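The structure appears below as structure tokens.
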Amino acid sequence: MENAAIADRFDRLADLLEIEGANPFRIRAYRNAAARVRALSRRVADLVNAGEDLSELPDIGRDIAEKIRVLVDTGRLPLLEEVESRTPAELSDIMRIKGLGAKKTAALHEHLGIKSVADLKRAVAEHQVRELSGFGEKTEQLIADALPRLEPAEKRMLLADAEPFAEALVEKLKKLKGVSQVAVAGSYRRRRETVGDLDILATASPKVRVSDQFVKFDEVGQVVSHGETRSTVVLKNGLQVDLRVVPSVSYGAAMVYFTGSKAHNIELRRLAQKRRLKINEYGVFGGDERRAGKTEKQVYDSVGLTWVDPVLRENRGELEAARKGNLPKLVTMRDLRGDLHVHSSAGDGRDSLEAMAGAAAKRGLDYLAVTEHTAGFPAGGGLDAKALSKHMDRIDRLNDGLEGIVLLKSAGVEILEDGSLDLPDELLARLDLTVCAVHAHFGLGRRRQTERLVRAMDNPNFNILAHPSCRLIGRREPVDIDLEIVMKAALERGCYLEVNGQPSRLDLDDNACRMAKELGLKVALCSDAHGTDDLDDLRHALDQARRGWLEKDDVINTRSRTALLKLLRR
DNA sequence: GCCGTTTTCGGCCCGACTGTTTTCAGTCG
């Protein structure tokens with residue numbers, strides 16, 4: 001059972017209990033536990049099977065630890081079954097409609113006997129909903145609008161896809177008269193792999209009606225809410241954008257508040273409470289006295305913490321580290337000396353080797369591993385032994401004429417179904433490094449898939465496992481592997497795992513990066529560029545690595561070329 | 001239900017906006 005499935009059960013339990021009017025703090029406990037499980041880098045099922053004590057995890061006490069154990073062992077959550085016997089499970093789906101919470105859902109159930117989405121559809125059609133106390137025409141219309149798109153879960157946009165819209169809005173807001181600071185906060189600033197909405201923060205003098213101008217921007221499709229300090233719109237492309245306007249004296253506090261995550265904020269406020277302080281989006285207050293708020297650093301200072309980089313604000317131990325002053329010194333773009341996974345027109349890339357080398361040099365990189373697909377690549381067009389051999393000679397000649405950058409001879413070697421590599425060992429041995437990957441047979445099953453990767457690493461010419469999970473965000477689920485076994489196998493054999501920077505891959509993801517660090521395994525940050533522009537995708541790999549607490553030393557391509565090649569020698 | 005440099009009991013983040021109301025509950029982030 002996957003972590004997401006376990007978390008979903010507890011979220012559903014929390015929903016139904018909330019509809020029943022149970023103790024709100026007990027409900028929150030189940031939600032907190034669900035969030036904790038969902039964000040965990042290890043599979044909870046594996047921890048249970050290894051006999052580990054789950055109650056040592058934050059937000060998970062003895063009771064929930066036991067419930068999880070039973071859930072993993074039997075696939076059942078008896079309490080949820082009991083609750084569902086008296087409160088229909090579908091009410092949890094109904095509650096997901098924006099604007100409907102526990103109280104309104106409970107009213108629908110109690111007064112109109114609604115047990116399912118179908119019931120709700122009928123009640124809306126017969127205009128029964130608007131008659132309920134606390135409901136009205138608008139609420140009924142809101143439900144009517146939401147019902148047809150109830151099925152698909154919330155749609156999140158890839159971070160990289162949201163970037164152009166975010167940047168354009170920031171530029172437009174900055175040009176408004178009287179606006180001083182504008183920044184995108186939220187999960188965008190935390191560099192999460194996808195964003196559900198954009199949270200934009202602006203400071204302006206009070207007499208400038210920033211919100212009024214914002215909701216009239218061309219790209220706005222629908223105005224959801226519109227107040228003096230806060231407005232929510234949906235852009236014509238479907239992306240939701242919240243704008244919050246605060247005075248500049250509150251900028252830091254508002255940035256903290258609006259950047260989140262929610263779990264981080266709650267924990268931060270709890271720390272403030274202990275010091276008899278109150279943190280809100282306007283500042284840090286002791287009684288009526290403002291103690292801080294202009295900068296983020298002030299806010300963290302006020303509760304005895306060092307400033308926390310936004311990418312770490314997920315309540316995964318960063319506040320404790322900030323208190324002790326031992327937050328990681330995160331790897332930066334300047335630390336990266338090369339890119340170890342790129343394609344050119346010699347393979348399925350768009351630009352020539354020369355152009356790729358030039359573009360990489362322009363970005364300040366010292367080396368670039370050229371990794372054309374090999375013959376086993378299922379989409380075709382891969383290089384066979386003979387072609388790769390010629391390709392290597394060409395790279396040697398090219399290097400003689402290059403200034404400031406060195407091309408490393410490599411290949412995107414295909415890992416076959418049985419875990420063998422698709423080129424002769426003698427040829428692989430002549431490469432500077434190999435970047436090996438799976439592009440087929442994704443559904444082998446956990447044990448075989450894991451063995452396949454470990455077997456591939458048994459080959460002494462294996463260096464880097466590219467996009468280990470093979471997921472495509474929103475399009476293809478990750479392959480089923482025991483990542484811990486794969487990472488430990490890599491560590492034992494002197495192999496490395498990639499963090500692939502393609503916006504829809506981001507693979508390893510942030511949690512897996514953290515797991516690698518905990519195991520002592522280093523990773524390679526790569527763009528997997530298929531054209532010169534894509535070389536910038538390296539920063540997406542960097543973002544996820546930073547979210548995974550990685551430091552310069554945890555990343556192999558922060559090394560000089562000589563040091564890197566030495567590190568790769570097995 | 002979880003948690004503990006005041007506590008194993010008694011707390012549990014905080015404010016804006018909407019819709020349905022005549023002063024505020026519910027929902028959201």
Side-chain angles (χ1 to χ4, degrees), chain A residues 10 13-15 17-19 21-36 54-68 79 95-108 129-143 146 154 185-187 195-201 211 215 223-233 240-246 250 253-254 256-285 303-304 315 319-320 323-324:
Chain A
F10 280 99
L13 176 59
D15 286 352
L17 285 172
E18 195 178 8
I19 290 166
N23 177 349
F25 299 109
R26 183 178 168 216
I27 292 160
R28 185 187 299 169
Y30 286 129
R31 294 224 166 93
N32 288 344
R36 180 64 58 185
L54 295 180
S55 69
E56 293 194 358
L57 294 168
D59 300 325
I60 294 176
R62 265 178 47 191
D63 179 275
I64 294 183
E66 175 61 14
K67 285 186 168 67
I68 293 176
L79 177 61
M95 199 175 127
R96 297 281 151 78
I97 295 174
K98 265 206 165 90
L100 291 188
K103 295 281 170 59
K104 283 208 160 75
T105 305
L108 290 168
V129 173
R130 63 175 67 175
E131 304 301 329
L132 279 180
S133 160
F135 291 72
E137 277 188 46
K138 288 211 171 176
T139 309
E140 189 176 85
Q141 191 56 47
L142 182 121
I143 296 171
E154 58 153 352
S187 50
V195 296
D197 63 4
L198 290 177
D199 302 296
I200 303 183
L201 182 67
S211 277
V215 299
V223 180
V224 178
S225 74
H226 177 200
E228 272 186 44
T229 65
R230 174 176 212 151
S231 299
T232 301
V233 303
Q240 179 170 310
V241 184
D242 289 349
L243 174 69
R244 187 69 189 259
V245 186
V246 297
S250 299
V256 170
Y257 163 79
F258 232 11
T259 297
S261 64
K262 191 176 166 189
H264 175 90
N265 284 351
I266 288 175
E267 192 58 32
L268 187 64
R269 286 169 177 175
R270 196 174 289 161
L271 292 177
Q273 269 188 334
K274 283 186 191 163
R275 299 178 166 233
R276 304 195 179 288
L277 296 172
K278 186 176 76 171
I279 297 183
N280 58 27
E281 56 265 58
Y282 299 111
V284 181
F285 299 89
V303 287
N315 197 23
L319 288 165
E320 195 191 346
R323 185 171 58 80
K324 293 181 183 157

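Protein chains get the first letters and strands the later ones, always in sequence-line order, with residue 1 at the start of each. Everything numeric in this text was worked out from a predicted model, so none of it was measured.
Separating the CZ atom in A:Arg62 from the CG atom in A:Leu54 is a distance of 14.0 Å, to the nearest 0.5 Å. Interatomic distance, CG of A:Leu108 versus CD1 of A:Ile143, reported as 5.5 Å (0.5 Å rounding). Note that NE2 of A:His226 is 9.5 Å distant from CG of A:Leu243, once rounded to the nearest 0.5 Å. Taking CZ of A:Arg244 as the start and CD1 of A:Ile200 as the end, the distance is 14.0 Å to the nearest 0.5 Å.
Under the Watson-Crick or G-U wobble criterion, with both distances below 3.5 Å, B:dC2 is paired with B:dG11.
Checked against B:dG29, B:dG1, B:dT5, the side chain of A:Lys274 finds its nearest nucleotide in B:dT5. Closest to the A:Ala29 side chain, of the nucleotides B:dC2, B:dC12, B:dG29, is B:dC2. Which of B:dG29, B:dC12, B:dG1 sits closest to the side chain of A:Lys98 comes down to B:dG29. When distances are taken from the side chain of A:Ile64 to each of B:dG19, B:dC2, B:dG29, the shortest belongs to B:dC2.
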Between protein and nucleic acid, restricted to nucleotides 21-26 of chain B and to nitrogen or oxygen atoms under 3.5 Å apart, what atom pairs and distances do you find?
unit_1	atom_1	unit_2	atom_2	d
B:dT21	OP1	A:Gly134	N	3.4

Distances for protein N or O near nucleotides 14-16 of chain B N or O, under 3.5 Å:
unit_1	atom_1	unit_2	atom_2	d
B:dC14	O4'	A:Arg269	NH1	3.3
B:dG15	OP1	A:Lys278	NZ	3.0
B:dG15	OP1	A:Asn280	ND2	3.2
B:dA16	OP1	A:Tyr282	OH	3.0
B:dA16	O3'	A:Thr229	OG1	3.4

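A:Glu137 comes within 4.0 angstrom of the backbone, heavy atoms only, and of no base. Residue-level contact check: A:Pro58 touches the backbone only, with heavy atoms under 4.0 Å from sugar-phosphate atoms and none from bases.
Contact between the side-chain N/O atoms of A:Lys138 and the OP1/OP2 oxygens of B:dG19 is found at a separation under 4.0 Å. Between A:Thr139 and B:dT20, a side-chain N or O to OP1/OP2 separation shorter than 4.0 Å is present.
With both ends at atom C1', the span from B:dG1 to B:dT8 equals 14 Å, rounded to whole Å. Going from the C1' atom of B:dC2 to that of B:dT7 covers 14 Å, rounded to whole Å. Comparing the same atom, P, in B:dT20 and in B:dA16 gives a spacing of 22 Å after rounding to whole Å. A gap of 16 Å separates the C1' atoms of B:dT27 and B:dT21, to the nearest Å.
Atom C1' of nucleotide B:dT5 and atom CZ of A:Arg323 are separated by 9 Å, given to the nearest angstrom. Regarding A:Asp15, its CG atom lies at a distance of 14 Å from the C1' atom of B:dT27, rounded to whole Å. In this structure, A:Leu142 atom CG and B:dC17 atom P are separated by 18 Å, rounded to whole Å. Atoms CD (A:Glu131) and C1' (B:dG19) sit 16 Å apart, rounded to a whole Å. A:Lys67 has its NZ atom 8 Å from the C1' atom of B:dG1, to the nearest Å. The CD-P distance, from A:Glu56 to B:dG4, rounds to 13 Å in whole Å. Rounding to whole angstrom units, NE2 of residue A:His264 and C1' of B:dG29 are separated by 16 Å. The CG atom of A:Asp59 sits 6 Å away from the P atom of B:dC3 (whole-angstrom rounding).
In this model, no side-chain donor or acceptor of A:Asn32 finds a partner on the base of B:dG1 within 3.5 Å.
Residues satisfying the salt bridge (Lys or Arg N to Asp or Glu O under 4.0 Å) test with A:Asp199, not counting sequence neighbours, are none. Listed by chain and residue number, nothing satisfies the salt bridge (Lys or Arg N to Asp or Glu O under 4.0 Å) test with A:Asp242 (two or more places apart in sequence, or in another chain). By the salt bridge (Lys or Arg N to Asp or Glu O under 4.0 Å) test, A:Arg36 pairs with A:Asp59, sequence neighbours left out. When the salt bridge (Lys or Arg N to Asp or Glu O under 4.0 Å) test is applied to A:Arg28, no partner is found at least two apart in sequence or on another chain.
Residues A:Asp63 and A:Asn265 each lie close to DNA chain B; by heavy-atom proximity, the contact nearer the 5' end of the strand is made by A:Asp63. Projected onto DNA chain B by closest heavy-atom contact, A:Arg270 and A:Met95 fall at different nucleotides, the more 5' of which corresponds to A:Arg270.
Side-chain contact between A:Asn280 and A:Tyr257: absent, with no pair of heavy atoms (C-beta onward) separated by less than 4.5 Å.
Checked for salt-bridge contact, A:Lys324 and A:Glu320 meet the test: a charged N lies under 4.0 Å from a carboxylate O. A salt bridge between A:Arg31 and A:Glu18 is present, with a side-chain N of the basic residue lying under 4.0 Å from a carboxylate O of the acidic one.
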